[in-house]
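Working notes, beginning with the structure itself.
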Amino acid sequence: MDQNVAKAWTAPHDRPAETPEVLYFRYLAYRRRHADRLVRLIPRESVRELYGKAREWALEEGVHDSRDPMATLTRFAEHLLPLPPFEVWMADRAAHPIRHIEDSSHTSPVSPPAQPAKVEERPFQYEGRTWVASLHVFAVGTRWRGFLRFRQSGHVRRYHTAHIFLERSAREVRRSFRGFDGAALGAFLRSVLP
C-alpha cells in the first residue's frame with residue numbers, strides 16, 4: 001500500500017457531524033415529511049377547499065408562495081399537525097434512533113454509505129478485556145446494510161467489519177445483531193484485528 005495513502009486515511013466517525021444547524025434542518029425535513037403525508041391522504045375533491053383555507057392562513061402569516069401552491073398547502077398541513085417541538089423531537093430521536101432512521105428513509109436513503117448511523121451498541125468480553133460492539137446501518141435503495149464497529153473500553157482506536165448485514169428494514173438488521181452472543185461478536189472482532 002502506498003504510504004501517502006495510508007497516512008491520509010482516517011478512521012470513519014461513528015456518526016456524521018451533526019451540528020445544531022444540521023439537526024434543525026433534519027427536524028424541519030421531519031415536519032415537512034409528515035405534512036406532505038397528510039396532504040397526500042386528502043381526497044382530491046377536498047384539496048381545493050383546503051387550499052383556500054391554507055392560502056388565507058399563509059397570507060395572514062406572511063408565508064404564502066403564489067408560485068408554489070403545494071408549498072403553501074404543505075406549510076398549512078404542518079401547522080395543523082400536532083408535531084413535537086424541536087427539543088422533544090431531539091430526545092425522541094436519541095431514545096429511538098431506528099424509528100427516525102426508517103421514517104426518514106421513506107423518501108430517500110438515510111445517509112450515503114460513507115456515513116452510516118449508529119443505532120445500538122453493547123459491551124462484551126474478549127480475551128479478558130471489555131469491548132464495545134456498535135451496529136451501524138444505512139439504506140441502499142430499498143435494502144438495509146449494516147456493519148459492526150469495535151472499540152476496546154478506555155481506548156480510542158476502532159475496528160470495523162465489512163458490510164455483513166443485508167435486510168429489508170433497519171429493525172431486521174438490529175434483530176440480527178441482537179442475536180449474536182459474545183462468542184459471535186468475538187469471532188467478528190478477531191476477523192478485523194491486525
Side-chain angles (χ1 to χ4, degrees), residues 12-121 134-147 149 163 165-178:
H13 299 289
D14 279 350
R15 292 176 181 232
E18 291 189 316
T19 63
E21 293 81 13
V22 167
L23 289 170
Y24 191 71
F25 283 118
R26 288 184 179 176
Y27 169 69
L28 293 178
Y30 157 84
R31 292 180 61 88
R32 274 191 301 275
R33 236 181 354 267
H34 286 277
D36 185 55
R37 289 175 186 160
L38 175 63
V39 169
R40 292 178 191 276
L41 289 174
I42 299 168
R44 292 185 84 125
E45 61 273 6
S46 301
V47 171
R48 184 179 298 266
E49 181 183 341
L50 185 63
Y51 175 71
K53 292 177 184 177
R55 187 172 180 274
E56 287 176 29
W57 171 84
L59 287 169
E60 286 176 18
E61 296 293 317
V63 295
H64 178 60
D65 184 351
S66 60
R67 296 173 309 217
D68 189 356
M70 278 307 292
T72 298
L73 189 56
T74 302
R75 281 190 183 124
F76 184 60
E78 190 177 328
H79 163 75
L80 293 175
L81 286 170
L83 295 168
F86 179 67
E87 295 76 19
V88 172
W89 176 82
M90 285 286 295
D92 188 66
R93 185 173 181 267
H96 309 286
I98 292 283
R99 286 187 201 154
H100 287 267
I101 289 170
E102 288 183 340
D103 173 59
S104 67
S105 69
H106 287 299
T107 53
S108 65
V110 64
S111 60
Q115 297 180 341
K118 180 172 71 173
V119 296
E120 189 164 327
E121 64 181 17
S134 57
L135 171 65
H136 301 258
V137 300
F138 59 96
V140 176
T142 61
R143 305 294 291 210
W144 285 85
R145 296 182 181 269
F147 65 90
R149 187 169 289 157
H163 303 155
F165 299 99
L166 178 61
E167 302 288 352
R168 286 189 212 129
S169 72
R171 289 183 205 295
E172 290 177 26
V173 173
R174 183 173 63 178
R175 186 174 20 254
S176 295
F177 172 66
R178 288 181 172 175

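Note that the structure is predicted; figures quoted are calculated from it, not measured.
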List the steps and the verdict of side chain to side chain contact (heavy atoms under 4.5 Å, CB included) for M70 and V39.
CA-CA 9 Å; M70 278 307 292; V39 169; 3.6 Å; yes
Between R75 and E61, does any NZ, NE, NH1 or NH2 come within less than 4.0 Å of an OD or OE carboxylate oxygen?
no
Rounded at 0.5 Å granularity, tell me how far CZ in R143 sits from OG in S169.
10.0 Å
Between T74 and R32, which heavy-atom pair has the shortest distance, and what is it?
CG2-O, 4.2 Å
Which donor-acceptor pairs under 3.5 Å do the side chains of residues 76-90 make with protein atoms, sequence neighbours left out?
{"residue": "E78", "atom": "OE2", "partner": "R31", "partner atom": "NE", "Å": "2.8"}
{"residue": "H79", "atom": "NE2", "partner": "W57", "partner atom": "NE1", "Å": "3.4"}

Spatial distance of atom CZ (R67) from atom OG1 (T72) [nearest 0.5 Å]
10.5 Å
For the pair F138 and H163, name the ring-plane relationship: parallel under 30°, tilted 30 to 60°, perpendicular over 60°.
perpendicular
Got a second to check how far I42's CD1 is from R48's CZ, nearest 0.5 Å?
14.0 Å
Can you confirm whether E167 sits close enough to R175 that some side-chain heavy atom of one is under 4.5 Å from a side-chain heavy atom of the other?
no
Evaluate whether atom CD of E45 has more than 12 neighbouring non-hydrogen atoms of other residues, nucleotides or ligands under 6.0 angstrom away.
yes
Roughly how far, to the nearest 0.5 Å, is the CZ atom of F165 from the CZ atom of R174?
12.5 Å
Quick one: pull up CG in D36 and CG in L41 and give me the separation to the nearest 0.5 Å.
10.0 Å
Apply ring-ring contact (aromatic ring centres under 6.0 Å, His included) to Y51 and list each qualifying residue two or more places apart in sequence or on a separate chain.
none
Is the shortest heavy-atom distance from the side chain of V119 to the side chain of F177 under 4.5 Å?
no
